[in-house]
Protein chains: 2
Amino acid sequence: MTDINFSMASGDPDSKGSDAASSSNGELRWDIIELLFFAYRDFVGDADHELEAFGFGRAHHRVMHFVHRYPGLKVADLLDVLRITKQSLGRVLKQLLDEDYIVQKTGNNDRRQRLLYATPKGEALVGKLAGLQTDRINRAVQEIDPAGQEAVRQFLRAMIDRDDPDKVLETIFGSGKKPRE
Amino acid sequence: MTDINFSMASGDPDSKGSDAASSSNGELRWDIIELLFFAYRDFVGDADHELEAFGFGRAHHRVMHFVHRYPGLKVADLLDVLRITKQSLGRVLKQLLDEDYIVQKTGNNDRRQRLLYATPKGEALVGKLAGLQTDRINRAVQEIDPAGQEAVRQFLRAMIDRDDPDKVLETIFGSGKKPRE
DNA sequence: CAAGATATGTCAACATGACTGACATAAATT
DNA sequence: AATTTATGTCAGTCATGTTGACATATCTTG
């Protein structure tokens, strides 16, 4: 694996011709599309390794993250945020409950609800994973001035669909206040 | 790109995890971690919906994207970029070849190699998907000034691991020149 | 040239984490 | 009392990832 034939090899069916699609005006943002791919791949990539040691996967991380961030989240809210089915959630949630990373509390007003909370054990794991991701973010941001850092945040917020926000997005966008931490 | 749907996880047992600093000192970047999750979820969601109509999944999108962007890519290079096994790639690639979205050409120097190229049909699909994602990106950056937009790009580049770059990353970072388009 | 290494392909089995559909239970609402 | 809602669960399927073993063609080397 060595020589690379990128961009200059012999036959190159070439083109670009078909960009039609919906960005009627012109240039496609190949650079950002690709940077998002690699950035996200590496951002989440580190984690799988750590999670393996616990016998968990990404699904577990997602659940623990949101339960930690929004204590007392209902199962239904979690389903909205993660956009998966209750059957899928059920599997990972059951493991997290059995292994004591998360606990359920019956709702006060509505006793059908199961409000979710991270245990200290769960907090520890989610914090460790967030630490790794924070390190990467800090490295990435260290040479960017405050205005640029705010531009990054603004960009990310603007990339998110706002049409039918779930509870978590309402918290993030709705009032500007952060859930905690 | 596409699809990359990694979710959110990161973890690395000890390399830096044990420094504890970031995981317990209250400076965790929860906001950016979460924004990245939602931004990426919606970013790839655009393509996912369209792909369904073709009976393809994210794996197909990833392959077509990189073959389109780096015409003449070798199978081995694609494996490096996607970080999957050849058996996994084989399944998707076979479909794309059978359905005429991609073609193979025997290498000139090394006849063992199969250089990959997108067909016009493949170009059309990949362009359509990039159009959807470009629309979202354009919407997101429209109120960000040029300096801020450059900060976004810088941030994304800095989020990417540089230690053992594959051919594509070498092209992206190595010389600063873009592969094409 | 013969021997080995490399690039690719393929068969088979298995894991994870999605999905659908159907059904059960408890608690709230009407 | 009847219905709806919130949650849980059984059963089967699909997409996409994994290992391991092995085949073939072709390049590289002793």
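So that the names make sense, note that chain A is the first sequence line, chain B the second, and so on, each numbered from 1. Because the structure is a prediction, the values reported are computed rather than measured.
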Length of the CG-P vector between B:D110 and C:dT8, whole Å: 8 Å

Minimum-distance nucleotide to B:V75 side chain [options: D:dT16, D:dT26, C:dG9]: C:dG9

Donor-acceptor pair present, B:R91 side chain and D:dG17 base, under 3.5 Å: yes

Whole angstrom value for the distance that separates C1' of D:dA25 from CD of B:Q113: 13 Å

Under-3.5 Å donor-acceptor pair between A:R83 side chain and C:dA18 base: no

Rounded interatomic separation in angstrom, taking CG from A:N109 and P from D:dT5: 18 Å

Base of D:dT7 paired with side chain of A:R114 (donor-acceptor, under 3.5 Å): no

Whole angstrom value for the distance that separates P of D:dA15 from CG of B:L93: 17 Å

Of A:N108 and B:K86, the one whose closest DNA chain C nucleotide lies more 5': B:K86

Residue A:N109 excluded, over 12 heavy atoms near CG under 6.0 Å: no

Sugar-phosphate, base or nothing in reach of A:Q104, heavy atoms under 4.0 Å: sugar-phosphate

Sugar-phosphate only, base, or nothing, as touched by B:E52 at under 4.0 Å among non-hydrogen atoms: nothing

Donor/acceptor link under 3.5 angstrom from B:R112 side chain onto base of C:dT8: no

Flag if over 12 foreign heavy atoms under 6.0 Å of CZ, A:R153: yes

Atom-to-atom span, CG of B:L82 to P of D:dT18 - whole angstrom: 10 Å

Joint cluster assignment, A:L169 & A:L79, ILVMFWY side-chain distance < 4.5 Å: yes

B:L89 CG - C:dT10 P separation (whole Å): 11 Å

Residue whose nearest DNA chain C nucleotide is more 5′ - B:L97 or A:T85: B:L97

Rounded distance in Å - CZ (A:R62) to P (C:dT16): 15 Å

Quiz item: A:Q87 side-chain donor-acceptor pair to C:dG21 base, under 3.5 Å: yes

ILVMFWY network linking A:V126 to A:V103, side-chain heavy atoms under 4.5 angstrom: no

Proximal nucleotide (of D:dT7, D:dT9, D:dT18) relative to the B:S88 side chain: D:dT18

Any B:Y70 side-chain heavy atom under 4.5 Å of B:D77 side chain: no

Atom-to-atom span, NZ of A:K94 to P of D:dG8 - whole angstrom: 11 Å

